[in-house]
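Input: a single structure, listed below in structure tokens.
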4 protein chains.
Amino acid sequence: MHIRIERGSATPISRQIMEQIRAHCLSGTLKPGDSLPSVRKLAQRLAVNVNTVVRVYERLSAEGLVEMRHGEGTFVLPQSAKAENSQQMAEQRNQFSLEFSTVIHRGILLGLTATELRKMLTASIADAKRELKAEASAQRSRESETRTA
Amino acid sequence: MHIRIERGSATPISRQIMEQIRAHCLSGTLKPGDSLPSVRKLAQRLAVNVNTVVRVYERLSAEGLVEMRHGEGTFVLPQSAKAENSQQMAEQRNQFSLEFSTVIHRGILLGLTATELRKMLTASIADAKRELKAEASAQRSRESETRTA
Amino acid sequence: MHIRIERGSATPISRQIMEQIRAHCLSGTLKPGDSLPSVRKLAQRLAVNVNTVVRVYERLSAEGLVEMRHGEGTFVLPQSAKAENSQQMAEQRNQFSLEFSTVIHRGILLGLTATELRKMLTASIADAKRELKAEASAQRSRESETRTA
Amino acid sequence: MHIRIERGSATPISRQIMEQIRAHCLSGTLKPGDSLPSVRKLAQRLAVNVNTVVRVYERLSAEGLVEMRHGEGTFVLPQSAKAENSQQMAEQRNQFSLEFSTVIHRGILLGLTATELRKMLTASIADAKRELKAEASAQRSRESETRTA
DNA sequence: GTGGTCTAGACCACT
DNA sequence: GTGGTCTAGACCACT
């Protein structure tokens with residue numbers, strides 16, 4: 001589960017983490033029953049305070065997306081209804097499209113041309129897909145290890 | 001000078017306004033000597049608290065980008081050196097490119113395809129350019145009025 | 001709004017505060033639209049860390065019981081439906097009755113007689129009612145001040 | 001020795017167990033020399049992790065209330081002095097009275113009337129006594145079996 | 001090992 | 001003034 005934190009950003013770290021975990025759940029990178037990294041591990045990996053991660057997990061738990069089991073870990077919950085799920089997805093995409101257009105608007109103001117923006121898009125898509133693939137294969141190998149063991 | 005505020009965003013309103021004014025200065029929509037809208041007018045137009053705008057102007061003033069003249073208004077300052085200006089531009093573009101790639105990363109996680117993202121890009125670029133043009137022409141007509149008067 | 005914290009208790013402070021605020025909302029001591037004390041004030045009054053109160057308010061907010069308005073304060077929300085409200089009340093009473101019987105069970109184990117327990121009950125009821133009344137009258141006088149002013 | 005666990009409670013399970021064993025010792029349900037159930041049996045009976053019970057016994061052992069004899073079991077120790085015993089009893093009762101009044105306070109907030117609370121008290125006392133009796137008679141029959149064997 | 005609570009203190013943003 | 005986020009660090013409880 002890749003999570004990328006933008007340090008200088010005005011978006012609070014906790015919110016960045018939360019949105020990416022939500023996206024992972026909606027996209028299927030995280031499936032019901034999967035365990036999230038422990039609060040301490042994720043905190044260390046992201047070089048973030050433990051409490052920050054705890055807060056994120058607590059909020060996702062209040063949303064009903066995950067469940068924190070004392071002494072065991074934090075786990076993705078099965079989503080109650082497909083309808084609800086696809087509604088969440090629609091909401092997330094709407095929000096995404098707003099952000100996207102805001103960013104582009106700023107790019108144009110900064111004098112970037114359509115051609116430059118298209119190049120950046122292509123590069124960013126490639127980057128993101130590479131990350132996703134790398135992760136998926138890492139997960140597969142982890143799973144096969146588990147099966148062997 | 002068009003400014004667009006995204007209400008739900010985690011990015012604070014003041015920062016949204018500030019970044020867009022900076023971008024307008026760098027892109028030339030706002031030129032040295034131009035006056036910014038009065039604090040009260042902008043606040044009303046954006047449906048934002050007056051103090052929020054005051055603080056934005058104060059910060060831009062501290063940055064040396066604008067000058068607040070008591071009783072007159074707020075004006076764009078000539079940028080001290082071209083070098084500095086282009087350095088600022090480079091910084092802003094760097095930051096932009098970081099944000100851009102983060103947004104795209106999230107879009108990919110949400111399952112958007114390259115094709116969808118390209119369509120969104122084209123639409124957003126068209127939107128942004130239309131806004132810029134509308135503004136430029138509005139400004140031209142305002143200027144000719146002033147000349148006539 | 002009286003809140004009583006038992007320091008040595010195994011029940012976490014935050015949970016004690018949360019349950020009492022919930023009870024105040026259900027009992028009508030806190031009505032929709034009422035403002036809660038600011039996080040800092042309540043923290044100081046209870047001699048508790050600010051973050052502890054913040055967490056309480058955040059959770060009540062996630063429950064939909066209150067709303068935190070940035071820069072304004074925290075306010076009791078109107079409860080969506082009477083049905084829901086009375087269901088919450090039933091839940092709270094069920095939980096109460098469980099706790100109550102557990103406490104009594106322990107009292108009996110400690111060798112307290114029925115008569116002693118009844119005396120304690122009468123005394124505790126009187127205490128609690130006195131507190132409620134004192135608060136209600138304090139509130140009335142506050143309201144009449146406001147009306148006069 | 002009856003022990004009742006309230007699952008949802010904020011009071012940790014281990015503390016619930018510990019307090020009840022202490023109360024049993026003070027009330028005489030458990031007498032010096034009596035054996036506690038084995039760690040595994042109690043854990044199974046209460047559907048609790050073995051380690052949880054182990055830690056409870058360890059703490060009671062550290063308090064000098066019981067003694068863990070390797071390979072034999074855990075036994076109630078004779079209390080060093082009556083004075084100490086009655087002091088412990090007083091402490092426990094003080095703590096009990098605090099908890100009791102807190103619980104009643106919450107009940108009043110939830111709108112329960114004095115009459116309702118008195119009824120609940122009577123019912124809870126009856127329940128608790130019934131449990132104590134059932135246990136006592138079970139213990140007597142166990143003892144007579146032992147004598148016979 | 002896991003999560004849960006709490007503190008003290010800092011700095012930020014909105015009204 | 002109000003709430004919001006984050007850190008560093010402590011100590012506790014459950015598996």
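The shown structure was predicted, so the numbers you read here are calculated from the model rather than taken from an experiment. Residue numbers start from 1 in every chain, and the chains themselves are labelled A, B, ... in the order their sequence lines are given, proteins ahead of strands.
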| From E/dC6, F/dT7, F/dT2, nucleotide with atom closest to C/K41 side chain | F/dT2
| query | To the nearest Å, how far apart are A/I13 CD1 and F/dA8 P? | reply | 10 Å
| Spacing of B/I17 atom CD1 relative to E/dA13 atom C1', expressed in whole Å | 12 Å
| query | If we ignore angles and hydrogens, is there a donor and acceptor under 3.5 Å between the side chains of A/E6 and B/T102? | reply | yes
| query | Can a side chain N or O of A/T74 be found less than 4.0 Å away from OP1 or OP2 on E/dG3? | reply | yes
| Whole angstrom value for the distance that separates C1' of F/dG3 from CD of C/E72 | 10 Å
| query | What is the distance from NE2 of C/H70 to P of E/dC12, rounded to the nearest Å? | reply | 13 Å
| Salt bridge B/E19-B/R15, side-chain N to carboxylate O under 4.0 Å | yes
| Are any of A/T52's side-chain N or O atoms less than 4.0 Å away from OP1 or OP2 of F/dT5? | no
| query | Start at the 5' end of DNA chain F and walk down; is the nucleotide closest to D/R59 or to A/T11 reached first? | reply | A/T11
| How close or far is atom P of F/dT2 from atom CZ of B/R55, stated in whole angstroms? | 16 Å
| query | Across all strands shown, which nucleotide pairs with E/dC14 by Watson-Crick or G-U wobble geometry, both distances under 3.5 Å? | reply | F/dG1
| query | Within the structure shown, what part of the strands sits under 4.0 Å from A/R69 by heavy-atom distance: base, sugar-phosphate, or nothing? | reply | sugar-phosphate
| remark: For C/Q16 and C/T11 the tightest heavy-atom approach is NE2-O, 2.9 Å
| A/S14 side-chain N/O to F/dG4 phosphate OP1/OP2 under 4.0 Å | no
| said: Need one value for C/N49: base, sugar-phosphate or nothing, where a base atom within 4.0 Å counts as base even if backbone is also close, heavy atoms only. | reply: base
| Would you find a donor on one side and an acceptor on the other, under 3.5 Å apart, between the side chain of A/H105 and the backbone of A/S101? | no
| note | Comparing nearest nucleotides in DNA chain F, the 5'-proximal residue of the pair C/G73, A/V48 is C/G73
| query | Looking at C/R69 and C/E67, does any basic side-chain N land under 4.0 Å from a carboxylate oxygen? | reply | yes
| query | Of the nucleotides E/dT5, F/dT5, F/dC14, which one has an atom closest to the side chain of D/P12? | reply | F/dC14
| said: Rounded to whole Å, how long is the line connecting atom CG of A/N51 with atom C1' of F/dT5? | reply: 11 Å
| Which whole-number value in Å describes the distance from D/I5 CD1 to F/dA13 P? | 15 Å
| Rounded to whole angstroms, how far apart are CZ on A/R40 and P on E/dG4? | 10 Å
